[in-house]
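Residue numbers begin at 1 in each chain, while the letters A, B, ... track the order of the sequences.
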Amino acid sequence: MEINDTTGKEIVIDIKELYKSFGDNHVLRGVNLEVDRGENVVVLGRSGTGKSVLIKIICGLLTQDEGSVIVLGEDVKNLRARELEALRLKVGFSFQMSALYDSMTVKENIAFPLMRNFKHLTKAEVKKRVDEVLDAVSLIKSRDQYPAELSGGQKKRIGIARTLVLRPEIMLYDEPTAGLDPISSIEINNLINSIKKEFGVSSIIITHDLVCAKVTGDRLVMMFDGVVQKQGTFGEVFDSNDERIKSFYEYNFT
Amino acid sequence: MEIATTKKEKYYLSKGIDGFFISASKTFRFVFNYFIELFRPPYEFGEIVKQCYKVGCDSLPLISLTGFIIGIVFTKQSRPSLSDFGATSWLPSLIGIAVFRALAPLVTALICAGKVGSSIGAELGAMKVTEQIEAMDVSASKPYKYLVFTRVTACVFMMPLLMLYTSFVALLGSYINVQTNEHTSLATFIANAFDKINFLDLKASVIKAVVFGFTIGMVACYKGFTTTRGTEGVGKAANAAVVTAMYLIFIEELMIVQIVGWFR
Ligand SMILES: Nc1ncnc2c1ncn2[C@@H]1O[C@H](COP(=O)(O)OP(=O)(O)OP(=O)(O)O)[C@@H](O)[C@H]1O
Ligand SMILES: [Mg+2]
């Protein structure tokens with residue numbers, strides 16, 4: 001178990017000198033990032049800086065060219081298939097576009113990862129756990145609907161519920177509030193905070209939405225040109241003369 | 001599921017030609033994975049049955065019609081040349097050979113490549129571009145086993161059955177034509193039709209059907225899993241699934257006919 005020298009807490013995600021290119025497109029150019037247990041880290045940055053790529057590397061969907069990613073003490077790149085699966089059960093991933101299985105109803109969507117991974121669970125147990133997370137995202141009434149019949153915000157919440165059902169230790173949110181109206185965004189923000197409190201998970205939250213960043217983030221990380229430019233609390237990050245950071249702020253609030 | 005590039009693949013191959021070999025190796029691993037999963041229970045029997053049902057429902061109307069018409073037309077067109085020798089009584093056995101040895105497996109496979117291949121390619125392609133396959137992957141839900149293994153197995157299992165069904169329908173069409181012209185009885189027709197068919201023919205046809213089924217399912221799943229570029233990519237995946245499968249089916253047909261020839 002790795003311990004953070006400054007905070008004294010356990011480090012659940014430790015990223016060192018991470019590089020990733022697609023052909024000549026050098027997306028990540030030496031990213032360093034640590035996430036402590038029980039901490040919400042918000043990653044900010046313009047479109048195309050590689051935020052989604054970063055969290056896809058964390059859960060092993062993509063592999064880095066260089067650098068190391070240690071998640072819950074495991075080096076993601078060098079895990080065998082079985083070990084990676086075991087790790088993935090502990091890491092929830094909420095997709096930018098929700099990625100719900102559109103041939104299944106909401107309850108089947110949520111039951112799917114449970115039934116694929118815990119074959120010994122009885123029907124009643126599965127139902128209980130599905131209802132539990134549906135309750136947490138307050139969408140019990142949508143149990144039998146299909147994803148096509150849900151709004152964007154509801155889809156996001158079901159997507160989050162589907163990852164919560166596996167009781168992860170870490171949550172990775174890819175733009176949880178993108179494309180939602182302010183009220184739905186507030187609901188999602190509250191959801192993220194209550195997940196942190198109730199389930200005790202550590203999270204990385206990717207967003208362009210500064211309200212979301214302010215409300216949910218214990219710490220903010222600003223990415224530009226494939227590296228972390230600045231990190232700290234909301235106040236610390238935006239108390240800056242860097243043009244790019246200022247314009248980011250002004251775009252949202254003025 | 002991203003088919004990741006392994007270290008070896010990166011290390012041993014210089015740039016330039018590496019693109020080809022890396023993708024060949026990825027394709028090989030995708031296919032080979034099926035045989036690994038074959039020895040790794042549990043199997044998704046419920047899902048396999050569902051897919052079998054879909055393969056059957058998708059293709060049944062079309063192969064019924066095609067089989068029937070081929071039976072009639074083939075009989076009708078062959079009659080003049082046989083009657084020149086006064087040998088129209090050979091019609092049933094000629095048809096039997098043509099249908100069992102060549103037509104039924106090939107026609108069934110081509111139709112299924114069109115119907116089943118495109119539907120699998122489009123379905124998995126759409127799942128891929130909307131990140132549903134990645135979502136299965138990150139929740140450790142083993143998308144290969146759930147999506148690919150079940151579909152390919154369903155195709156492998158259904159193709160021989162559909163092939164036998166096509167043969168049956170084609171013979172039926174042929175019988176109706178022969179009956180109206182030569183007034184042959186059903187018993188004579190059947191006896192003649194199966195006269196020249198031996199066990200080797202049946203085996204060869206079943207093997208062909210199994211190989212074709214595997215090809216259709218595997219190509220469609222591969223094209224679906226490797227879909228890129230949004231909705232446009234989905235159309236391309238469906239299309240490529242059909243075209244590639246058809247090419248491969250013809251090549252395999254040639255090879256199997258050649259090999260079976262050595263055993264005759
Ligand atoms: N699978 C891939 N193949 C090739 N290039 C990719 C791939 N995934 C991402 N990229 C490239 O990496 C860059 C970063 O993409 P990414 O999706 O991480 O951006 P992002 O920071 O999440 O942006 P947004 O805020 O719009 O979601 C883009 O230029 C994109 O073209
Ligand atoms: Mg993104």
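The number of heavy-atom neighbours closer than 6.0 Å to NZ of B/K142, taken from other residues, nucleotides and ligands shown, is above 12. Within a 6.0 Å radius of OH in B/Y247, no more than 12 heavy atoms belonging to other residues, nucleotides or ligands are found. When the shell of 6.0 Å around CZ of A/F22 is examined, it contains more than 12 heavy atoms from other residues, nucleotides or ligands. Environment of CZ in B/F168: sparse, with no more than 12 heavy atoms of neighbouring residues, nucleotides or ligands closer than 6.0 Å. By the neighbour-count criterion of 12 heavy atoms within 6.0 Å, atom NZ of B/K236 is sparsely surrounded, having that number or fewer from other residues, nucleotides or ligands.
Of all heavy-atom pairs between A/C59 and B/V138, the closest is SG-CG1, 3.4 Å.
If you take CG on A/D102 and CD on B/E123, they are separated by 9.0 Å, rounding to the nearest 0.5 Å.
Contact residues of residues 151-163 of chain A toward chain B are A/R162 (heavy-atom distance under 4.5 Å). Within residues 113-129 of chain A, the residues that have a heavy atom under 4.5 Å from a heavy atom of chain B are A/P113, A/R116, A/N117, A/K119, listed by number.
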Per-pair distances, 0.1 Å, donor-acceptor, side chain in residues 92-101 of chain A, under 3.5 Å, sequence neighbours excluded:
{"residue": "A/Q96", "atom": "OE1", "partner": "A/S52", "partner atom": "OG", "Å": "3.4"}
{"residue": "A/Q96", "atom": "NE2", "partner": "A/E175", "partner atom": "OE1", "Å": "3.4"}
{"residue": "A/Y101", "atom": "OH", "partner": "B/M136", "partner atom": "N", "Å": "3.3"}

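Comparing B/A126, B/S139, B/P42 by how many heavy-atom pairs each has under 4.5 Å with chain A, the most go to B/S139. Options B/M127, B/E131, B/E44 differ in how many heavy-atom pairs under 4.5 Å they form with chain A, and the most are formed by B/E131.
Partners of B/Y165 by ring-ring contact (aromatic ring centres under 6.0 Å, His included), not counting sequence neighbours: none found.
Residue A/V165: no heavy atom, backbone or side chain, is found under 4.5 Å from chain B.
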